[in-house]
Every structure is written in C-alpha cells, then in structure tokens.
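Data first, discussion second: the structure below is written as structure tokens.
Excluded from the calculations below are hydrogen atoms, water molecules and symmetry mates; all remaining heavy atoms, backbone and side chain alike, are included.
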Amino acid sequence: MSDYDPQAIEKKWQRRWTEQRAFEVTEEPGRPTYYCLVMFAYPSGHAHVGHVRNYMIGDVIARMKRMRGFNVLHPFGWDAFGLPAENAAIKNKSHPEIWTLENIAHMKGQLQRLGISYAWERELATCEPEYYRWNQWLFLQMFERGLAYRKRSTVNWCPSCATVLANEQVVDGGCWRCDSVVERRDLEQWFLRITEYADALLDGIERLDQWPEKVLTMQRNWIGRSEGALVRFPVSGPEAKLLEIEVFTTRIDTIYGASFVLLAPEHALVDEFTEEADDPDAFRERVRQFRALDRTARLTGAIEKEGFDTGRTATNPFTGEQVPIWIANFVLAEYGTGAVMAVPAHDQRDFEFARKYQLPVQVVIQPAEGETLDGSTLEEAYAGPGSLVHSGEFTGRSTDGAAREMAAAAASRGIGTPTVQFRLKDWGISRQRYWGTPIPIIHCPHCGLQPVPYEDLPVELPTAVEFTGRGDSPLAQMPEFVETICPKCQQPARRETDTMDTFVDSSWYFYRFCDASNDRTAFDPERVKYWAPVDFYIGGVEHAILHLIYSRFFCRVFKDLGMVEHDEPFTRLLTQGMVLRDGSVMSKSKGNVVDPDQMISTFGADALRLYEMFVAPPEKEIEWTDSGLEGSFRFLTRVWRLVTGLEALVRGVSLDTLNDADLAVRHRAVRRRTHETIRRVSSDLDPRAHLNTAVSALMELVNELYAFCEAEGLAVHTGAERPDPASVADETRATLAEAVGALVLMLSPFTPHLCEELWERMGHEGSLARATWPAFEPAVARAEEIVVPVQVNGKLRARLTVPADVSEDALREASLADEGVRGHTEGKTVARVVVVQRKLVNIVIKG
RNA sequence: GCGAAAGUGGCGGAACUGGCAGACGCGCUGGAUUUAGGAUCCAGUGGCCCUAGGCCGUGGGGGUUCAAAUCCCCCCUUUCGCACCA
C-alpha cells in the first residue's frame, strides 16, 4: 500500500509556487544568466502530450540551471494571430479574439497543471496591441531603410486559406497549413528584403556549432548560394533592334560547348518573338500550353522535358557561333535570368533535350582518365572535372579554376559578369486576412505610400468586423478602417488593408520576453543584453527553415538598428522528437490524441513528466505507451515509500560528521553510489541533455538504497513499518540522509511536486526551486577496490577484484596467476599482455 | 536521383574517448505475501548446447586492431531533408 497521492500534492505545490511567485525573475547584476526558451504555442485549443514534451524538456533544464545558481529566464507566450482563429469565427459566427482567448485560457490551465516553472509575469500574446504595435514599429523602421518594400509579383495563392503564402510556406506545391494546391496570382505585395542578408545568414551558419547539423543543412539548401556568371548572348536580327539574352551559369568553363539557348516560357523576349514569328498564332498557342502547365509538376521535375525552336538564333559570345534559341518547359522563370545556355555534353538535362530534338552535342571537357568523350556517341552528360578542349584560348586548362578565369575574361570583354545567385527570395509578408498585424501604411493618391506616423501606432484592428468567409480581406470591407487622411497632405487616403504574415510576430518574441511590459519601445536594449541571446532553444524541427531563418534575419536587423549586440539569437538548438501513437503523429482528425489532463488525473503530472523524459532521448520520436507511464508511476511510488519510510531517520541529521574512514564497507558503497550518481546525472543534464539516462541513474540509486535498507533491516521496502530513529546507528542515518537528499534534489527537475513534498517532510525549509544542486565529491566516488575484466585473446575469462591504485605490474601478475585465466593459457605461449590501467587486461596467446 | 541520420533482446532504449554488449524501464517467468484479484517485495529473463562450462551474438559481407556496436570499404533496409535552381 502506498499513500502517494499525486493530485493532492500537485495542487498544494502549484498553489504555493504561485503564491510565492517562485519563478518570477528580475535582473541581478553579477549573477550568471541562463535563457531557456521553448517555442511559444499556437493556441489551437488543447495541448496534447506531444506539445507538452517540448515544454517539459525546457522545464527540466530550467529547473536544473536554477539549482546550479543561474538566474534563469524561462518564459512562455502565445503565437496568437493566424488563420484558424478566423476560420473558427466564420464557422461559429463569433470573433477570432474570443476563440483565441478561450483557447489560451484552457491551454494555460493545462500547462499550470503540469507544474512548469514559467515566469508567467512575462506572458505575452501576439494579438495584443501592446505586442503587435512593435511589429508595426519595426516594419516602419525597415520601410525607412528600404528593407520593407512593395512590388507587383506573381505570388503563391492558397485558394482555401484565401491568402498569399511565402515561398517557405509552400511545401511540395501545397499550402503548408491546409495542403491545398497552391495557385499563381499577380498581386501588389509587401516584401521584407531578407536577401540583403543572404550571405550573412549563410556565413553565420558556420558559427552555430550547437545546432543540429540537419537544421544547418536545411538552411544552407534553402539559402542556396551558387557562384557563377551572367553572360549575354546577342540575338541575331535587324540591327535596329539590339536584343540580348542574358543567361546565368555556374559552368562558364563549358561555354564553348553551349550549342543552343533555352528560354523559360515566361521570359520577356518570348512575347517579342511571338509577334515576329512566321505563324504568330501557332507560336502563341504553344507558349500558352507551356505556361499553363501545372506549376507543381514544373517545379518538381515531374514533367516530360519539351521545347520548340523559336526560329531565332543568338551568338555564343565566346565561340562567335550562331546557336538556336528554343523555349523549354523546364526552364524556371524565377531563378537566375529565366534563360540558360545549354551545354548538352556536360549537363544531363541539356543532354536529354539535345538528343530528343537532334541538337548538336560538343564535348569541351575531357576527364583526366578513361576513354575520350565524343559528342556523337555520348550516352550521358559528363559533369565531372577534367581539362578543357575545343575551347579556343582556354583549351588545355583544368576545370579547376577555369570558371573563375573565364568569368573574368567575360567581364573584361564586356560580355558578362561574375555573380552570385541565391535560391532564397525576399519574404512576402502581405496576407489578405483579418487576424494579423495591420500593415501601417497609408495609400495617398497624391503622395503615394506614406508610413503611419510613429505617434499614431498602433494601427489597431477594429473589433466590429463581420466574418463572411467571402475570401477578400474583411478589413477592405470596412470603410471606417480604410478611409483615412494622408499624414503628409491631409487629403483623403486609404489604409493598407493587408495584415502581416504571423511569422513576423514570432521572429522577435524572444526579445520581448526580456522586457515584456515596455510601453515605450519594443524592448530596452540593456535588458536584452542582460538575458540574450537565448542559451537553449527547444522546439520542433518543422521550424528548421521558416521560423528559425526569419528570426536570424530579424536579429541582424535589430543589430543594424543598434538594439542587440549578438550575431545569432539562439546559441543552442534542440529539436525534440514527436510523440506518436499507433505509429502516427497525434491529431484530432486521426482521433489518436492523448490528453495530458486525463493522464494527470490518473497518474499525476509528475509521472507524466517523468515518463516523457525517460522513454527516449529528447531528439528522438517516441511511441506513446500506457504501460510506460504506469512504470514511471510505479517508480515514483517506490521513491515515495522509500523517502517517507526514512523520513524520521534522516530529518535533521547533520552530514558534517560523515567520514568514510569511520564507515563500514556497505555504507561506503552507498556513499560511492550517491556521488557517482551525482556525477552522472549532472553531466547527463548539462551539457549533454540526455534526460533519459539521467533518470536511469536515479533509478539505479533508488534500487541500491532499497537493497541497502533491506540489508540493514530497515523495512521500508515493504512499507510495513517505519523504523524507530533511536534504534538506528548514526552512520546509517547520515549515509541515508546524504543519499536521499541528493536523490530528491536531482529528481526534482523531473518531478517537482513530489520532490517538494518529500523535501518538506525531510524537514527542509524553503522551496526546492531555490535549493542548491548536490555537490559531487570525487574522493567519495572513488572506489577503494575495482573489478577489472581479464580477457584471453579478447574473450572474457575472469574478473579480478583489486585495489583501485593497483600498479600495472601487479595487475599483470594477478591476471596471469588467476586460476580461470590459467585454464586458457596452460601450455600456450603468452605473446603479449595488454594492460589498460583500471579498465581491462587482455592476454594474447599463441599456439 | 542527391545528401544526412539511423539500424543493438519480445519492446523502448544504454554503452560518453576503440576496452566487460544489453544499464534503466516495459513485458514475460517463478517465488513470497494475499480468501482471491490487484498492489507490493524477492529472484530470473539475448540465442544455442544436457551441465560444469562453452559456443554464437549489435542489419549483411569484408578490413584495421591485442581489442570494434563504436574506425575504414562495399551492400541492404528505414527515416528525414533536397529534388529540373542551370
């Protein structure tokens, strides 16, 4: 029987933490700081045990760091703008704010029932004007610096969400949120010039040595830097019309093999050529067909490569030869210049195209070894290194360095320039929806785009809005919002009715936490300097390119504004694995969600917390199992029985008199285990963040203490009776007091309620939240005797118990003399004895 | 197709720097306690051989080494990322 009652204990301590404001923080100069952050939450309604895992990892780290003397900032907030709120409002004929605030209240309750040690006084929600006014402020700062600008462009349009998506939000041609097939639309849009920082963002990756390599690779790919050259091919035709096709190539070293030029169907010259074609209608129709091709298929390469001859030619500026100009469906208008030089011998796509349409294939690179390549017999393009052939004055050069040299040559002849291209595009932030930050711009028919004056911020979202679900922006339908006065000429003007992408909100919230209630600026740079950058950031890998690249971009903008001093916002990143059930991610639609409240009411928050930390390392996916949770609960019951059973014995016992020299072997063994556990748990938590093995070590300590108690005749293991302190030796009581104290302290980041309760029962004053992490004493942990395995030819044959300070020679002699070993060495020649001090002996024999 | 990570008992996982493979937990088996069940406690639990004892064993094959889950090469599988980016 156990009287462990998690519900009562958890309620008691949660109330006490709140009353004592145990986790609120202020700046304390001179103390080391630690900023532990979990990605804030979208208030979708209910947190499930998958979300919760993220927060628990953060809480264990935060609590541990606090006990190790750090001033820990561990805040939480809400990524509260976004489409689901609006959709729910349309469906329920309600208001997004009502839905959002209700969800926040519910989820906050869930988190509080888990006993997470947040600095709740810094809680923020991005839908509050007190927050989003600073989005507007930052937007205007960027507008002033040309980092926010407006342009007409073809954009990704999600028909279901009725809004624009950034490139980063299009996944496999579908909307990242609802999976609808993304369409193309031409719209005037606001962009943030993230490309200005493309090189800086790429270079910064090199210094992110505490980020998972996987995330860095994804960011590198996303930025997609490639060095190459722009080269102009003059179009042949009437001299009055000097047309040129500019191509981007990374392989200018193959330009002597460029035997035709390919244009994207959307290229500007295509319309020109259409008009001048022999049969403009037929030409136009073919172009139309290409342009109408499914965009997803074009982007993913899922279409057959096709093209047609424009009938025009251009001059290869290096060879002077006339090469045909074709239009090809696989050439992308949005990358480079929308035109490419085709070198079929050395590019597989061009090769397939050339073979299909019988276009010439000229080999200009010969590999150093193997057969000599021949354009007429080639079976696939050769893209490797080699030396240049048929390349005019460059013949004989190695591909190594030739590209740089030839780009320079192109530049000096005025036919091209070395250049760098990025796959990264500027970030389109306009959204034609209501529930987001209004873009603080006024369109004046006379003065053009006018920023809303800083003193008029925030531009607040009007509350009396109708949600029709019609698809156009609700704000655009509200004359009282739209109609305004131009701040410059005082004439009637119109407000911008688009709102900002919610990723703007989440790109700097970690700074706002440092100074959450500031109503004069976004944040005080001094306060951010005190806490930031974030030391440990924990969240899902799904944000590897979206949120994490935008935040790195904003960090640089703030640095240029003189508001932050660091280069990177997040020093260490941990991407936690998802919690699966029946092999798939938990979701409402699959009906496989595990509700934390239900688990809490059965087993308590502590058991849930422990289970999620113990089952696997934080980075790994885990499969939810009820029996695993039961096992964790069982362990906590064991801890409860052990500590409450010993409570009277250890209360008030001084550890000062503990001295190994006076102790029996069995007591020394317990102390050794205690300190060995302190060492292991400490390093498992920090820096390794292997929370699962830290828990294992604590379980081993508990097992050892049970065995010790049984051997000492202390009947705690059955819970049958509580020993009388007067009948137990002082050494035993002190040994147990040390062990149990360390156990409760080290377990407390995982199961804080249980440990607080036990700590109090053990007679300690004050909350564990402010207690000190146990100190590791190497001298105690060091064993006087060690067990050394002895191998013969690599096979384990004996274990020797020897003094810890045994000499190499003595160990060798003892090994050779061991009876079990001699059975294997008898009559053989010992060729060699490998002795690894304190670790192992390996005897190598022959014959 | 390219790139990265991973593959260890019935299951989740451990083994940190090349040094006792399987810690810890789940599950299972046996025992104690109990009217019974549950709970609890104790013991056992990689496979094979009848045992003492031994042999085999970290996806498969090869290699380096006194010694390999760990390092190298080839192959297989899974997961993730990228995918006509010129």
Side-chain angles (χ1 to χ4, degrees), chain A residues 1-2 172 212-218 220-222 224-226 228 247-251 254 258 262 264 297-303 305 328-332 334-343 346-350 352-353 421-423 541 544-545 610-611 614-617 619-623 625-632 634-635 637-638 641 680 683-684 688 690 692-700 702-703 706-707 710 715-720 787-799 820 823 831-836 838-845:
Chain A
M1 278 299 288
S2 168
D172 291 335
E213 194 52 45
K214 175 184 167 157
V215 173
L216 299 180
T217 304
M218 286 166 74
R220 272 189 208 104
N221 290 342
W222 189 261
R225 184 181 199 273
S226 47
V247 302
F248 173 70
T249 180
T250 54
R251 290 299 305 273
T254 65
L262 296 172
R298 276 184 73 186
L299 272 178
T300 57
I303 49 165
K305 290 179 183 50
N329 62 359
F330 66 92
V331 177
L332 304 173
E334 55 268 38
Y335 186 78
T337 60
V340 299
M341 63 176 212
V343 185
H346 305 293
D347 181 288
Q348 188 59 23
R349 294 157 301 182
D350 299 344
E352 288 166 24
F353 196 84
Q421 279 285 326
F422 292 94
R423 218 180 75 121
V541 74
I545 44 178
L610 187 75
Y611 165 64
F614 171 62
V615 68
E619 295 86 351
K620 268 204 76 150
E621 265 179 5
I622 59 177
E623 172 73 27
T625 61
D626 288 338
S627 57
L629 176 59
E630 284 163 30
S632 292
R634 200 149 44 224
F635 170 70
T637 311
R638 251 164 96 72
R641 229 179 7 249
R680 278 174 64 189
S683 67
D684 278 354
R688 298 179 76 205
H690 288 199
N692 56 327
T693 52
V695 175
S696 303
L698 291 167
M699 288 174 166
E700 287 179 55
V702 169
N703 291 344
Y706 265 85
E710 195 186 14
V716 292
H717 59 293
T718 59
V787 177
V788 177
V790 182
Q791 300 176 334
V792 177
N793 280 358
K795 290 194 168 131
L796 181 68
R797 297 303 182 191
R799 288 172 212 270
R832 188 178 162 189
V833 180
V834 180
V835 179
V836 184
R838 299 175 58 85
K839 278 260 176 78
L840 168 141
V841 176
N842 190 13
I843 299 164
V844 186
I845 55 170

Under 4.0 Å, counting only non-hydrogen atoms across every strand here, what does A:Arg797 touch: a base, just sugar-phosphate, or nothing?
sugar-phosphate
Taking the P atom in each of B:C82 and B:G27, what is the distance between them to the nearest angstrom? 39 Å
**Prompt:** With distance as the sole criterion, is a donor-acceptor pair present between the side chains of A:Arg638 and A:Asn703 under 3.5 Å?
**Reply:** yes
Indicate, with a heavy-atom threshold strictly under 4.0 Å, whether A:Val844 touches base, sugar-phosphate, or nothing.
-> sugar-phosphate
Rounded C1' spacing from B:A69 to B:A14 in Å | 11 Å
Can you see if the side chain of A:Arg688 gets near the phosphate of B:A15 - specifically, an N or O under 4.0 Å from OP1 or OP2? yes
- Query: Between A:Asn703 and B:G25, does any side-chain N or O lie under 4.0 Å from OP1 or OP2?
  - Reply: yes
Taken to the nearest whole Å, CZ/A:Arg638 to C1'/B:C41 is 9 Å
Practice item. Scan A:Val834 against the nucleic acid and name what it touches under 4.0 Å (heavy atoms): base, sugar-phosphate only, or nothing. Key: base
A:Leu796 atom CG is separated from B:C55 atom P, nearest whole Å, by 11 Å
Answer for the Watson-Crick or wobble partner of B:U77, both distances under 3.5 Å, is B:A6
Mate of B:U51 across any strand shown (Watson-Crick or G-U wobble, both atom pairs under 3.5 Å) is none
Separation of B:G25 atom C1' from A:His690 atom NE2, nearest Å, is 18 Å
Rounded to whole Å, CG of A:Asn692 lies from C1' of B:G13 at a distance of 7 Å
When rounded to whole Å, the CH2 to C1' distance for the pair A:Trp222 and B:A83 reads 12 Å
With the side chain defined as heavy atoms from C-beta on, A:Gln791 is closest, among B:C55, B:A86, B:G19, to B:G19
(message) Using the rule given for ring-ring contact (aromatic ring centres under 6.0 Å, His included), can you reason through A:Phe614 versus A:Phe635, listing the C-alpha separation, both sets of side-chain angles and the distance that settles it, and then say yes or no?
(response) CA-CA 11 Å; A:Phe614 171 62; A:Phe635 170 70; 8.2 Å; no
Requested in this report: Describe the nucleic acid contact of A:Gly336 in one word from base, sugar-phosphate, nothing, applying a heavy-atom distance below 4.0 Å.
Outcome: nothing
A:Tyr706 atom OH is separated from B:C41 atom C1', nearest whole Å, by 9 Å
